J.: 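A single structure is presented below for examination.
If you're wondering where the values come from, they're calculated on a predicted model, not measured in any experiment. The basis for the numbers below is simple: all heavy atoms, side chains too, and nothing from hydrogens, waters or symmetry mates.
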Amino acid sequence: CDIRYAYAQDKIIAIVNSDIITQKDLNDFTNFMRMQLSKEFSGYELERKIQSMKQDLLDRLIEDRLILQEAKKNNINIDENRVKAKISEIKNTYSSDAGFKEDLARQGLVQADLETKIREQLLMYSIIELKVKETILVTPDEVTSFYNKNMKDFVSSEERELEVITLEDENLAKTFAYNLKSGQKLVDLATRYPITVNKLRASKRGELRKDIEDVAFRLRLGEISDPVKIDDKYYIFKLENIIPPRQLTLSEVQDRIHAFLFEEKMQEKLTKWLDELKAKSYIKIIQS
């Protein structure tokens, strides 16, 4: 092992009360974040994300150390079964145990490092739950007030109800669509063609494939589409009903508002709590 490399790894870059943070701690934390983010990003995108976070990672590490010190002061303990369950969950995202270990090795980590990080995360969640989350209250009056002030944001999207006819042959689908558009009844055609009929409700919220959404919102009431090929089948759409946008009631959106207000208070209170911890702590950054 290169002595200069070992020295660089052991170099103290911050002091947090009685704890020290070394370059290795920061490197391990960066690699742990990279491993977590690799489920969403890859290649250049992943590295760009890591680089954009680099400035904040030491600050995050310092905050984590303060939170862990608080957990220790409050005698918080973590059930090891929770750590094992989390490791199993991560392992299950890999095709094999070897693939999991290879990915760890690529980040310069072993399973014990991952277990330590997960244990620390669970300790942090527990103390934040105790000191911050459990102290938050969102009252019904706050929910009602928020609704009344932001009613224009609580309007449903226009919805369309469609009849969807499916056939497996292109020529049959074209003939069927022609006959249906010519005024023949669906019940009569159903006796002559191998079709399946379903109902579909669509809104412009990105819930449907774009090609289906485009057809659904192009049709006029009662209009029938030409066959649309999706995968290996042909679909004919008939617009049966248009449900216009409407004002959503308080009871329909109160859970959403409650969750939003809770999260807002949670972030404010967490920031305040961390600022208080920092104010009464000895923190020295030696090298950022």
Side-chain angles (χ1 to χ4, degrees), residues 36-49 88-96 98-100 103 147 150-260 263:
Q36 289 200 316
L37 288 166
S38 68
K39 301 295 161 230
E40 292 175 60
F41 306 96
S42 62
Y44 171 72
E45 198 65 35
L46 174 62
E47 288 314 309
R48 199 175 69 168
K49 187 81 180 161
S88 294
E89 201 180 299
I90 294 168
K91 277 186 176 178
N92 287 340
T93 64
Y94 291 85
S95 55
S96 68
F100 165 69
D103 199 12
Y147 173 77
N150 300 278
M151 280 180 77
K152 66 182 186 304
D153 297 329
F154 300 109
V155 176
S156 69
S157 306
E158 177 192 293
E159 287 190 310
R160 295 185 157 218
E161 291 177 341
L162 301 115
E163 202 159 45
V164 187
I165 300 125
T166 311
L167 294 100
E168 296 193 5
D169 179 85
E170 184 179 9
N171 291 325
L172 281 181
K174 283 178 179 174
T175 310
F176 186 94
Y178 174 80
N179 288 335
L180 198 58
K181 288 180 185 186
S182 301
Q184 292 190 46
K185 295 274 188 287
L186 179 62
V187 284
D188 297 333
L189 290 170
T191 61
R192 309 201 317 264
Y193 290 86
I195 63 167
T196 54
V197 181
N198 290 294
K199 300 284 184 188
L200 176 69
R201 185 176 273 213
S203 65
K204 270 193 176 175
R205 287 199 294 254
E207 293 163 357
L208 296 173
R209 286 174 53 140
K210 192 174 182 309
D211 44 7
I212 298 175
E213 195 178 87
D214 287 348
V215 173
F217 283 87
R218 203 166 51 230
L219 292 173
R220 292 187 298 274
L221 199 58
E223 193 179 358
I224 297 154
S225 76
D226 290 328
V228 179
K229 187 181 182 191
I230 298 168
D231 299 328
D232 57 348
K233 292 184 181 177
Y234 296 86
Y235 296 83
I236 297 157
F237 299 89
K238 181 184 178 186
L239 181 57
E240 302 236 288
N241 189 23
I242 296 174
I243 303 161
R246 66 176 178 84
Q247 180 66 53
L248 296 170
T249 64
L250 174 59
S251 63
E252 286 176 295
V253 295
Q254 62 187 9
D255 289 349
R256 203 197 313 172
I257 294 171
H258 187 282
F260 173 78
E263 186 57 33

J.: Any side-chain hydrogen bond (donor to acceptor under 3.5 Å, both in side chains) involving residues 222-243? Give me the pairs, sequence neighbours left out, ordered by first then second residue.
T.: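 As it turns out, the side-chain hydrogen bond (donor to acceptor under 3.5 Å, both in side chains) pairs with a partner in residues 222-243, which skip direct neighbours, are Glu161-Asn241, Lys181-Asp226, Lys199-Glu240.
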J.: Only distances under 3.5 Å count here; give the side-chain donor-acceptor pairs of residues 172-180 to other protein atoms, sequence neighbours excluded, each with its distance to 0.1 Å.
T.:
| residue | atom | partner | partner atom | Å |
| --- | --- | --- | --- | --- |
| Lys174 | NZ | Glu170 | OE2 | 3.4 |
| Thr175 | OG1 | Asn171 | O | 2.9 |
| Asn179 | OD1 | Gln184 | NE2 | 3.4 |
| Asn179 | ND2 | Thr175 | O | 3.4 |
| Asn179 | ND2 | Tyr193 | OH | 3.0 |

J.: Is the closest side-chain heavy-atom distance between Pro227 and Leu167 below 4.5 Å?
T.: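 With C-beta onward as the side chain, the pair stays apart.
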J.: Roughly how far apart are Thr196 OG1 and Glu168 CD, rounded to 0.5 Å?
T.: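 The CD atom of Glu168 is 8.0 Å from OG1 of Thr196, to the nearest 0.5 Å.
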J.: Taking the side chain as every heavy atom from C-beta outward, state whether Phe41 and Arg48 have any pair of such atoms under 4.5 Å apart.
T.: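 When only atoms from C-beta onward are counted, Arg48 and Phe41 do not touch, as no gap falls below 4.5 Å.
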J.: Rounded to the nearest 0.5 Å, what separation is found between the CG atom of Leu189 and the OG1 atom of Thr191?
T.: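 The distance works out to 7.5 Å.
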J.: Is the closest side-chain heavy-atom distance between Ile195 and Ile236 below 4.5 Å?
T.: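 Ile195 does not reach Ile236 side chain to side chain.
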J.: Could you report the tightest heavy-atom contact between Asp103 and Ser38, atom names first, then the distance?
T.: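 Distance-wise, the nearest heavy atoms are OD2-OG, 4.3 Å.
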J.: Quick one: CZ on Arg218 to CG on Leu239, what's the gap to the nearest 0.5 Å?
T.: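 CG of Leu239 is found 12.5 Å from CZ of Arg218.
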J.: Output every pair passing salt bridge (charged side-chain N to carboxylate O under 4.0 Å, His left out) with a member in residues 248-257, not counting sequence neighbours, ordered by first then second residue.
T.: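 Counting only pairs at least two positions apart or across chains, the salt bridge (charged side-chain N to carboxylate O under 4.0 Å, His left out) contacts touching residues 248-257 are Arg246-Glu252.
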J.: Drop me the distance from Asp214's CG to Arg209's CZ, to the nearest 0.5 angstrom.
T.: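 It is 11.5 Å, given to the nearest 0.5 Å.
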J.: Sequence neighbours left out, what passes side chain to side chain contact (heavy atoms under 4.5 Å, CB included) with Val155? Give chain and number order.
T.: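 Per chain and number, Val155 pairs via side chain to side chain contact (heavy atoms under 4.5 Å, CB included) with Pro245, Gln247.
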J.: Is there a side-chain contact between Ile165 and Ile224 in this structure, where contact means two heavy atoms from C-beta onward sitting under 4.5 Å apart?
T.: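 No - every pair of side-chain heavy atoms lies 4.5 Å or more apart.
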J.: Does Ser251 have any side chain to side chain donor-acceptor pair (under 3.5 Å) partners at least two apart in sequence or in another chain, and if so, which?
T.: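 Expected list: Thr249.
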J.: Might you point out which heavy atoms bring Val228 and Val215 nearest each other, and give the distance in Å?
T.: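 Closest approach of Val228 to Val215, heavy atoms only: CG2-CG2, 3.8 Å.
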J.: How long is the straight-line distance from CG of Leu200 back to CD of Glu163, given to the nearest 0.5 Å?
T.: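 Going from the CD atom of Glu163 to the CG atom of Leu200 covers 11.0 Å.
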J.: Would you check if the side chain of Asn92 reaches a backbone N or O of Ser88 as a donor-acceptor pair within less than 3.5 Å?
T.: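 Confirmed, Asn92 side chain pairs with Ser88 backbone.
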J.: Does a side-chain N-to-carboxylate-O contact under 4.0 Å join Lys210 and Glu213?
T.: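 Looking at Glu213 together with Lys210, the answer is no, because their closest N to O distance does not fall below 4.0 Å.
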J.: Rounded to the nearest 0.5 Å, what separation is found between the CD atom of Glu158 and the OG atom of Ser203?
T.: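 With rounding to 0.5 Å, CD (Glu158) is 9.5 Å from OG (Ser203).
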J.: Run the side chain to side chain donor-acceptor pair (under 3.5 Å) test against Asp169 and tell me which residues pass, sequence neighbours left out.
T.: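 Partners of Asp169 under the side chain to side chain donor-acceptor pair (under 3.5 Å) test: none.
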